*Asks:* 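Just dropping this structure here.
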Amino acid sequence: MRNRAGIRDQARLDAFEHDAALQRASEPVRIGPLDVTQYRALHRHPFQDVYAWAGRFRTVRIGKGGSVFCYPENIRGEMTKLFATLRAADGFRGVRRAEFAERAAHFLAELNAVHPFREGNGRTQLALLTLLSDRAGHMLDLDRMQPAEMLDAMVRSFEGDEAPLRNLVFDLSAPGA
Ligand SMILES: Nc1ncnc2c1ncn2[C@@H]1O[C@H](COP(=O)(O)OP(=O)(O)OP(=O)(O)O)[C@@H](O)[C@H]1O
């Protein structure tokens, strides 16, 4: 992947990406309404020192495993529609934990199917999920998240089964409400 540092070795690029994102993590990101602009800013912030296209939608077709993500020409429209549903639902504020888990899992599954960026989608998805859950009053404990379990749930959601992702969001969110 072409990058600002001109690194050609994938392992070195991974390390550089990790360090750069960590350094930016100490700076605040401007948080406003949870819309497409905010989502792009959530991607731009950690990756701005690594990729010139940080925060911008991809222009190439990509897939992972057997999953083919949204074609680039449809990304803008799909993102606009998706975030309009979030706005209409008031960011799932005021809903109980089980309903939050179901709706947040569905949103996450849709967002993953769009996969708007060339790289860094997983990390940006988690940043958004954190914001969503905080605002909805169902704070997630991401320290308890098992990456392999999360990956499996995301793949299953792409295949149309959102139950594992819903259960995972439910288990990670704070009990109570
Ligand atoms: N076969 C698959 N089908 C659907 N989604 C997948 C598949 N493999 C991985 N994913 C999802 O794609 C996202 C990762 O995308 P991407 O590699 O762009 O993000 P990243 O932040 O660079 O990587 P990671 O999340 O692994 O740190 C994760 O949400 C992951 O669960």
Side-chain angles (χ1 to χ4, degrees), residues 1-5 7-25 29 34 36 38-76 78-79 82-83 85-86 100-133 140-173:
M1 194 79 67
R2 194 169 295 173
N3 56 86
R4 289 191 185 278
I7 297 170
R8 289 168 170 270
D9 175 75
Q10 187 60 50
R12 280 191 56 220
L13 177 57
D14 289 346
F16 176 63
E17 198 185 271
H18 179 265
D19 290 351
L22 207 62
Q23 215 154 31
R24 286 290 178 182
V29 197
L34 297 187
V36 177
Q38 180 69 70
Y39 196 64
R40 291 179 54 179
L42 288 178
H43 184 271
R44 185 178 182 283
H45 187 73
F47 298 116
Q48 61 188 299
D49 307 305
V50 186
Y51 303 115
W53 45 262
R56 292 205 214 125
F57 296 152
R58 65 184 156 83
T59 54
V60 293
R61 292 184 181 185
I62 60 168
K64 270 181 189 289
S67 312
V68 176
F69 301 120
C70 181
Y71 285 175
E73 57 272 32
N74 298 325
I75 291 176
R76 194 166 301 278
E78 291 301 320
M79 289 294 281
L82 191 54
F83 277 86
T85 65
L86 191 61
F100 174 78
E102 183 170 349
R103 297 174 82 177
H106 179 68
F107 187 81
L108 210 57
E110 295 283 318
L111 196 54
N112 188 51
V114 181
H115 232 78
F117 308 112
R118 182 70 187 81
E119 268 285 334
N121 291 278
R123 283 163 280 179
T124 314
Q125 288 163 7
L126 288 183
L128 182 84
L129 183 62
T130 304
L131 286 175
L132 255 186
S133 57
L140 296 186
D141 183 0
L142 288 181
D143 288 343
R144 286 194 289 116
M145 192 188 85
Q146 303 288 332
E149 202 187 349
M150 183 69 179
L151 175 62
D152 182 60
M154 291 303 285
V155 174
R156 295 272 295 277
S157 79
F158 190 90
E159 294 164 352
D161 178 10
E162 294 178 3
L165 192 55
R166 182 185 67 217
N167 293 340
L168 208 144
V169 173
F170 184 82
D171 289 345
L172 294 177
S173 59

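When a ligand or atom number is given, it counts from 1 through the structure's own listing order. None of the values given here were measured: they were computed from a predicted structure.
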*Asks:* Side-chain contact test, heavy atoms from C-beta onward, threshold under 4.5 Å: evaluate it for Leu108 versus Leu132 and give yes or no.
*Replies:* no
*Asks:* Taking the six-membered ring for Trp, are Tyr39 and Phe83 parallel (under 30°), tilted (30 to 60°) or perpendicular (over 60°)?
*Replies:* tilted
*Asks:* Numbering the atoms of ligand 1 from 1, which are under 4.0 Å from a heavy atom of Gly122?
*Replies:* 13 (C), 14 (C), 15 (O), 16 (P), 19 (O), 20 (P), 21 (O), 25 (O), 28 (C), 29 (O)
*Asks:* Could you tell me which atoms of ligand 1, counted from 1 in the order shown, lie closer than 4.0 angstrom to a heavy atom of Glu119?
*Replies:* 18 (O), 22 (O)
*Asks:* Over 60° means perpendicular and under 30° means parallel, so classify the ring planes of Phe117 and Phe57, tilted if in between.
*Replies:* tilted
*Asks:* Which protein non-hydrogen atom lies closest to atom 21 (O) of ligand 1, naming both residue and atom, and how far is it?
*Replies:* Arg123 NE, 2.8 Å
*Asks:* Pull out every atom of ligand 1 sitting under 4.0 Å from any heavy atom of Val155, numbered as shown with elements.
*Replies:* 1 (N), 2 (C), 3 (N), 7 (C)
*Asks:* Around atom 18 (O) of ligand 1, find the nearest protein heavy atom and jot down its residue, atom name and distance.
*Replies:* Asn121 ND2, 2.9 Å
*Asks:* What residue and atom, counting heavy atoms only, is the protein's closest point to atom 5 (N) of ligand 1, and at what distance?
*Replies:* Asn112 ND2, 2.9 Å
*Asks:* Counting only nitrogen or oxygen atoms and a 3.5 angstrom limit, does Phe158 reach ligand 1?
*Replies:* no
*Asks:* Does the side chain of Thr59 reach to within under 4.5 Å of the side chain of Trp53, using non-hydrogen atoms?
*Replies:* no
*Asks:* Are any non-hydrogen protein atoms located under 4.0 Å from atom 26 (O) of ligand 1?
*Replies:* no
*Asks:* Taking the non-hydrogen atoms of His115, is any one of them nearer than 4.0 angstrom to ligand 1?
*Replies:* yes
*Asks:* Angle between ring planes, Tyr51 versus Phe47, binned at 30° and 60°: parallel, tilted or perpendicular?
*Replies:* tilted
*Asks:* How about Leu126 and Met145: do any of their side-chain heavy atoms sit closer than 4.5 Å?
*Replies:* yes
*Asks:* Would you check if Glu102 and His106 make a side-chain contact, meaning some heavy-atom pair closer than 4.5 Å?
*Replies:* no
*Asks:* Return yes if a side-chain donor-acceptor contact under 3.5 Å exists between Gln10 and Asp14, otherwise no.
*Replies:* yes
*Asks:* Are any of the N/O atoms on Ser67, whether in the backbone or the side chain, positioned under 3.5 angstrom from an N/O atom of ligand 1?
*Replies:* yes
*Asks:* Can you list the atoms of ligand 1 that are under 4.0 Å from a heavy atom of Gln125?
*Replies:* 28 (C), 29 (O)
*Asks:* Give the atoms of ligand 1, by number and element, whose distance to some non-hydrogen atom of Leu151 is under 4.0 Å.
*Replies:* 8 (N), 9 (C), 10 (N), 30 (C), 31 (O)
*Asks:* Return the closest protein heavy atom for atom 17 (O) of ligand 1 as residue, atom name and distance.
*Replies:* Lys64 NZ, 3.0 Å
*Asks:* For the residue pair Arg58 and Pro72, what are the closest heavy atoms and their distance?
*Replies:* O-CB, 3.6 Å
